Protein chains: 2
Amino acid sequence: MSSSSTAPRRGGKAEAAAAKPPIRDALVAAAFRLFLERGYEQTTVDDIVALAGVGRRSFFRYFPSKEDVVFPDHERCLADMTAFLAASSDGDEPVRRVCDAARLVLGMYAENPAFSVQRYRLTKQVPGLRAYELSVVWRYERALAEYLRGRFAGRRDGTLEADVIAAAVVAAHNNALRSWLRSDGEGDAGATVDHALGYVQAAFGHAEAEPGGRRSGAGAGASARTAADDVVVVAARRGTPLWRVVREVETALGPSGAARD
Amino acid sequence: MSSSSTAPRRGGKAEAAAAKPPIRDALVAAAFRLFLERGYEQTTVDDIVALAGVGRRSFFRYFPSKEDVVFPDHERCLADMTAFLAASSDGDEPVRRVCDAARLVLGMYAENPAFSVQRYRLTKQVPGLRAYELSVVWRYERALAEYLRGRFAGRRDGTLEADVIAAAVVAAHNNALRSWLRSDGEGDAGATVDHALGYVQAAFGHAEAEPGGRRSGAGAGASARTAADDVVVVAARRGTPLWRVVREVETALGPSGAARD
DNA sequence: CGCGTACATGGCACTCAGTGCAGTATTTCG
DNA sequence: CGAAATACTGCACTGAGTGCCATGTACGCG
């Protein structure tokens, strides 16, 4: 719950100039050094604390489990995402909002490309870490889904929509993120994720999703649903691919066009 | 990759009654009895093997971990799903195919409603089991995604589409499954899942642009509305949830199996 | 200044999951 | 009946995670 906030308070005493990393950072550094040079399962917690120069008991005071040291900032990121979603207003388009929330996670990865790539290689080949990452991702997905459930409350299949859209957003985000990680963090992570999320927005969102990924900061004001007599009629030939009809309907119902691909 | 197939070979002869793996089933029964009456974490493997009357070492010969005993048939189900997907032909509509594959999983749950409900209550309140279930679900999702990636090979964003659709299918399936489990397995699981998967099919199905009027033979049921000719007209109020319009259009365009409620 | 408190840390011992190894029972085939 | 293969059991060991208590240190208060 508060893995990052579990860190003891910073000592007020100015210790030299920049002795920021308390014990927690030393543990992360030691752990990654050993994980990379001899493997995750071949490294025991005793090895880590020995290299970090702290007691074994302290490790579990900073990280509830050995796996947690591999994801040292996810708790903070999850808290950021929750706060971001809680700060939305009713004017926000829900799907766009969860897409933006997903971009927060990408931002965390993009902060330390080298670290993220190392961790990616690690989690890719250690089943235990992969399983742990799944539980982390699941919490992100639940946060998005819970937000959408709130926004979709009252709709007939609100929870179904919320769960499906949240899963789609997470899947698109992860697809782009992993593609970026596989390229050793060389490409433009933001553009890749924007493209992937644009696909989801085109499928589920009512607002515009520009193919280039540069999204306009505005975009609110999609609600014109008070006009009950405002009826849209769409005609299509039988045999038309459904996605074309969907696009037609979407452009007719929404304020602006939804461009896909 | 063969947790369930780890079971020792039974002599092929005596298959008259139903005693395929005696020890394995005894372990599952003993485990669930103890899990339900005193909790998962409060039950040790020694407790289970003592109640089952076997040696402790035998437990780990049948189940690679303590968590596996809670999901004794998922390996078989995953193998079934993989085989089902591998047996598809190019004529199958990909999205429909993965939806049908998801229904296989539901079938496994529906085989033993009481057992499934018990397990659901267990996994809901034990974080370790929830994490393990995530890894199981992840393997299903990967199987669906890999199949779709194969079918979408050549498309511009084939892997992205595949991942997103697989995630959406799994999310819809789980939404319906959990709703059914929450009702103690009373309702119609099949109808619930059909409804949820119909939503995903409406959003993603028929996405391949097939030139010419040849529509996929999905559903194969008699077209209910043969009276209408070439053109279908749909009217909707502005502000209607998009998925409802999509469903409307889909049912109007052809018998595609969207479940009515 | 001395003392008590609070807290971070270290060390120890313990439980339990999971594994390797060796011995024993049971089956199967010659 | 004997030999090999296989399933089962017991035992000892590693390592993660936890509870408990001792220690060191900073802070506050009289």
Side-chain angles (χ1 to χ4, degrees), chain A residues 1-15 19-28 30-31 34-35 38-71 126-129 131-132 135, chain B residues 2-15 19-28 30-31 34-35 38-71 122 126-129 131-132 135:
Chain A
M1 56 190 70
S2 57
S3 166
S4 67
S5 63
T6 313
R9 51 143 192 80
R10 296 271 309 111
K13 267 292 175 59
E15 205 171 57
K20 287 196 61 177
I23 294 185
R24 186 185 157 91
D25 292 348
L27 285 171
V28 174
L34 294 173
F35 290 165
R38 81 172 77 154
Y40 176 81
E41 279 143 336
Q42 283 66 44
T43 304
T44 71
V45 175
D46 298 82
D47 297 334
I48 301 172
V49 297
L51 180 60
V54 299
R56 164 186 165 79
R57 201 64 181 78
S58 292
F59 181 93
F60 292 104
R61 239 178 241 115
Y62 284 97
F63 303 99
S65 81
K66 186 185 170 189
E67 287 110 351
D68 281 287
V69 80
V70 183
F71 306 90
V126 179
L129 289 181
Y132 188 86
S135 72
Chain B
S2 55
S3 166
S4 69
S5 62
T6 313
R9 292 205 57 74
R10 291 302 298 165
K13 282 277 196 177
E15 286 181 3
K20 289 174 293 185
I23 294 187
R24 187 183 156 91
D25 291 350
L27 285 171
V28 173
L34 294 173
F35 291 165
R38 82 171 77 154
Y40 176 81
E41 279 143 337
Q42 283 67 42
T43 304
T44 71
V45 175
D46 298 83
D47 297 334
I48 300 172
V49 297
L51 180 59
V54 300
R56 164 185 165 80
R57 203 63 181 76
S58 292
F59 180 92
F60 292 102
R61 208 173 282 112
Y62 284 97
F63 303 99
S65 81
K66 186 185 170 188
E67 287 110 356
D68 281 286
V69 80
V70 183
F71 307 89
L122 217 51
V126 179
L129 290 181
Y132 187 86
S135 72

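Note on naming: letters A, B, ... go to the chains in the order of the sequence lines (proteins, then strands), and numbering restarts at 1 for each one. Source: prediction; values computed, not measured.
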Selection from C:dG18, D:dG10, C:dG10 that lies nearest to any side-chain heavy atom of B:Arg57: D:dG10
No-H, no-angle donor-acceptor pair, A:Arg56 side chain to D:dG17 base, under 3.5 Å: yes
hbond_proxy A:Arg61 side chain to D:dG17 base (donor-acceptor, 3.5 Å cutoff): no
Whole angstroms only, please: what is the [atom1]-[atom2] distance between [X] and [N]?
X: A:Phe60; N: C:dT9; atom1: CZ; atom2: P; result: 15 Å
X: A:Leu27; N: D:dA16; atom1: CG; atom2: P; result: 14 Å
X: A:Asp68; N: D:dA16; atom1: CG; atom2: P; result: 14 Å
X: B:Ile23; N: C:dT27; atom1: CD1; atom2: C1'; result: 14 Å
X: B:Glu67; N: C:dC16; atom1: CD; atom2: P; result: 16 Å
X: B:Lys66; N: D:dG17; atom1: NZ; atom2: P; result: 14 Å
X: A:Leu129; N: D:dA16; atom1: CG; atom2: C1'; result: 14 Å

Expected output: side-chain B:Asp68 to main-chain B:Ser65 donor-acceptor under 3.5 Å: yes
A:Lys66 (side chain) donor-acceptor with A:Phe60 (main chain) under 3.5 angstrom: no
I want to check something: taking the side chain as every heavy atom from C-beta on, are [X] and [Y] in contact at a cut-off of under 4.5 Å?
X: A:Asp25; Y: A:Pro22; value: yes
X: A:Val70; Y: A:Tyr40; value: yes
X: A:Val69; Y: A:Phe35; value: yes

Below 4.0 Å: OP1/OP2 of D:dC8 and any side-chain N or O of B:Ser58: no
N/O (side chain, B:Tyr62) to phosphate O (OP1/OP2, D:dC8) under 4.0 Å: yes
DNA chain C contacts among residues 41-55 of chain B, heavy-atom distance under 4.0 Å: B:Thr43, B:Thr44, B:Val45
ring-ring contact (aromatic ring centres under 6.0 Å, His included) partners of B:Tyr132, counting only residues at least two apart: B:Phe71
Partner of A:Phe59 by side-chain contact (heavy atoms from CB on, under 4.5 Å), out of A:Val54, A:Ile48, A:Asp46, A:Ile23: A:Ile48
